[in-house]
Amino acid sequence: MGKDKKKSRDPSKQAALAAKKEAKAEKAALKRMTKQNNNPAGGADCGVADGSEDIDAIVSMMREVRVVEYESLEAFPVPPRGNFTWNLCPTNGMFYMFGGEYYDGAENIVFDDLLRWDPDAKPYSDDEREETANNTHDNVPTGKWTRILTPSPRPPPRCAHSAVFYKDAIYVFGGECATAEKYHHYRDLWKLDVKRNLWEEVRARSGNPPGAFYLPFLINQYRNIQHKPNPVARSGHRAITWRHYMFIFGGFHESLRAETRFFNDLHVFDFQTCTWTELQYSKLARLPPPRSACNLALGTAPSESLFVYGGYSKEKNANVPGGSKSEGIIHVDCWMLPLKSFAGGFNNGSNPPSWERISRKGEYPSARAGSSSIVHKNKMLFFGGVFDNEGDHHKMDSVFYDDLFAFDMERRRWFALRLKKASGGGGGRRRKKKKDEGEEQNTTEMEEDDSANEDSDEDACKNDVEAVSSGWDVDKLRHDMFAFIDGDGNIVYEKIEDDDAVPDDASKQDEVQEKPALAKEFNSEAKSLDVDKGADKTDGNGLDQHLLHSSAAKSNSSDNPRRIPSSAVMKVDNKGIPMPVTRQTPLPRINCATVIKGNTLYIYGGVLEVGDREVTLDDCWSIDVNKREKWTCIWPGQMHRQVWKGIDSDNDSYISSDQGAEESDENEETGEFEPINEEDEESDEARKLAKKEAKRAAKKAAKAGIRQEISDLKEKLGTDNEQRTPLMGESVADFYARTTDYWNMEAAKTVGQEAADRGEAMSSKELKGVAFQMAKDRFEEIRPVLDRLNELDSMQKEAEECRKEKKKVKADKKTKKDRLK
């Protein structure tokens, strides 16, 4: 009896027992509720007196409210975007796109759109079939795009996040929202059910009751749930699935109050138990250095292993005084983590994991950041990237790449995947399928064909050497992406040298005005080739060389700026509007989306930088990775219609036509992300042109006025002589101490000589007194002018610092935006 009374008096044990009973009752109630939802017909006969009818009604009401809407798109999504995720759903063969950002030089827009693409679907109507045929090469179908309008709850806008597919669901983790109003890194995990197209946030837990995973809004009702923390908020990380696990590696976190942090931790999410685990290493273990934007791949043979390659990070330079300057590092190392010991789980007391560094073998890619990768048949396919050489004042000389590589994770060897010449059906090719052959024989033939192609890749390069990549430097990018549209709707051209420009011959210009289709071809050797009117000329690469003059040819002025009328990427029509040129291969880029379906590799979007200008690509390409006979352009993109607002009105690197271009009717949908400004009234055009010219002239006049005033003051007072001019911040005593010899000589020449002429002699002390007085008189005489010179010099320095700061901010934003994600 004593023990019972004593036990009943213990309040902590009594509360724990009551909580346990309450949790058990709630678990049973939720189980009955779930059973009723799964069997509505039998739910009415189940009498429940504990209020579960109300819960069931609430759940039914919430499910009725969560209605998903669908919006069909006529073409690929606009505006274009970068740093989004693109996942293939194997069960329905569709591609799911989420998030991303678009930067126009003035504003960064972050999206929370969910879009779905069916690459095998046919156009919706005859008009769309005709439009598709006009916008694609060889009438390649563009499939169907659908915007999925999901109800709340749903993830907030983000970019540079990760997304993986597991059992009819896409899991999105982390990312960032970087706008003018908000900059935030996320650490949340969301699940998209691709069957219902509904989002729900996944919270790490331990011992959740059945049904709580699918009803997250009820989780907080249970007191026995112990949430485990998600990984630290980050973006630019990489994710991949293995069995019923998801791996998260690397990334970065940036804040205003602290330095940018780069990560090399490895977190594992168990889909079955809904728990996070961070892998712990021994103190002596070798680890990959912290990085973001790396390539993460899972190898399956000869044993299951995780591979990490490349990436980007920033570290302080210890050689710089104070160590305050951070320099970008492009990683070229490869690391492998065996997963065999984790087959039984990550909390089973197994030995700590051990990373192994893999040397680069075969024909490996050059150093680069921002490359994209995808795993296909135990190979990591690797595309694009950029190499940055940062110079003085944060000037970035970048080289962009458009080559394709494969890393064989079984042989641990690199291969350059170049295009092959089309075969006419000779030996080594898969024979044509007969109508009466079964699927089993067709599959065998396909596997033989794949192995034959793999053998040819292996024989391509037996030496360990860096592949020769012909990247696009800034000069080539400026010549090929020579025109764009500014924020006022004007066509803006890259300024080029005279020896690279098109000859400006007045007589030929008149001829071009009569026949706009007659022009000269521009190439790197400045050779010319006449093109007949209406002819369809192509070079060896199939590029359209039918050149049209710009709108500037219509003006009467004879001092029109020289410009490139056409390139391998774009041309200008007879109205001066940039138009695309049909290409045979994708442009170089960074951070594009890559997806593999069957043996077909798809790449979509990415970013390309032309000096300070950033071009968000939205073209889509595919290639058969086994045959590799050609790239297929599924969608050419609308890069030539993008608007870039990030240029100064007095920037000498660009030439503006000061004339708004007209927007074609067939591309009206591109106006959603930035239409070309149309001005029907000449007065509006003249007023806008006059305002812009006045602003530009005022800036130039102010600069010229300051330079001229400084020159006049220096010439008038002889300030070029340092012995007669006080330095900035110098006192009279300091001025005399620095120029004592000069003023002593001047005193001896004047006062001393006069005394000698009178037959008098001056002592050294008297001469020094005279010299000091002369220096003081000079100091007082020049001080007002010197103050003005210092003021003007400060104005110049302030303007220069402002210009450098703008460049620095752009360079830092570019690095953060493109290299880290």
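Computed over heavy atoms, backbone and side chain alike; hydrogens, waters and symmetry mates excluded. Along the sequence shown, the residues carry numbers beginning at 1.
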Compare every heavy atom of [Y] with every heavy atom of [X], then report the nearest pair and how far apart it is.
{"X": "Phe98", "Y": "Pro156", "result": "CZ-O, 4.3 Å"}
{"X": "Cys159", "Y": "Lys821", "result": "SG-NZ, 3.9 Å"}
{"X": "Ser372", "Y": "Cys592", "result": "OG-O, 2.7 Å"}
{"X": "Ser235", "Y": "Glu176", "result": "OG-OE1, 2.6 Å"}

Mind checking whether [X] and [Y] have side chains closer than 4.5 Å, heavy atoms only?
{"X": "Glu315", "Y": "Ile329", "value": "yes"}
{"X": "His479", "Y": "Glu494", "value": "no"}
{"X": "Ser398", "Y": "Phe387", "value": "no"}
{"X": "Arg583", "Y": "Trp621", "value": "yes"}
{"X": "Ile603", "Y": "Trp631", "value": "yes"}
{"X": "His185", "Y": "Glu254", "value": "yes"}
{"X": "Pro155", "Y": "Val172", "value": "no"}
{"X": "Ser162", "Y": "Val164", "value": "no"}

Original post:
Are any of the side-chain nitrogens in Arg613 or Asp104 under 4.0 Å away from the carboxylate oxygens of its partner?
Top reply: no
Subject >> Electrostatic pair Asp113:Arg81 at N-O distance under 4.0 angstrom >> reply: yes
Original post:
From Glu614 CD over to Leu608 CG, what is the distance, rounded to the nearest 0.5 angstrom?
Top reply: 9.5 Å
Original post:
Rounded to the nearest 0.5 Å, how far apart are CE of Met380 and CD1 of Ile374?
Top reply: 11.0 Å
Not counting sequence neighbours, which residues clear ring pair (Phe, Tyr, Trp, His ring centres under 6.0 Å) with [X]? List them please.
{"X": "Tyr401", "value": "none"}
{"X": "Phe76", "value": "Trp117, Trp145, Tyr604, Trp635"}
{"X": "Tyr186", "value": "His184"}

Under a 3.5 Å cutoff, is there a donor and acceptor pairing between the side chains of [X] and [Y]?
{"X": "Ser313", "Y": "His331", "answer": "yes"}
{"X": "Asn295", "Y": "Ser371", "answer": "yes"}
{"X": "Thr179", "Y": "Asn108", "answer": "no"}
{"X": "His253", "Y": "Thr260", "answer": "no"}
{"X": "Glu107", "Y": "Tyr102", "answer": "no"}

Subject >> is_close_aromatic(His161, Phe84), centroid dist under 6.0 Å >> reply: no
Subject >> Name of the residue among Tyr364, Trp414, Phe249 meeting ring pair (Phe, Tyr, Trp, His ring centres under 6.0 Å) with Tyr309 >> reply: Trp414
Original post:
Can you tell me if CD on Glu259 sees more than 12 non-hydrogen neighbours from other groups inside 6.0 Å?
Top reply: no
Subject >> Check against side-chain contact (heavy atoms from CB on, under 4.5 Å), Met639 and Met570 >> reply: CA-CA 9 Å; Met639 293 83 70; Met570 62 170 59; over 6 Å; no
**OP:** Would you please test Arg234 and Phe252 for side-chain contact (heavy atoms from CB on, under 4.5 Å) and show each step?
**Re:** CA-CA 5 Å; Arg234 67 190 68 197; Phe252 76 100; over 6 Å; no
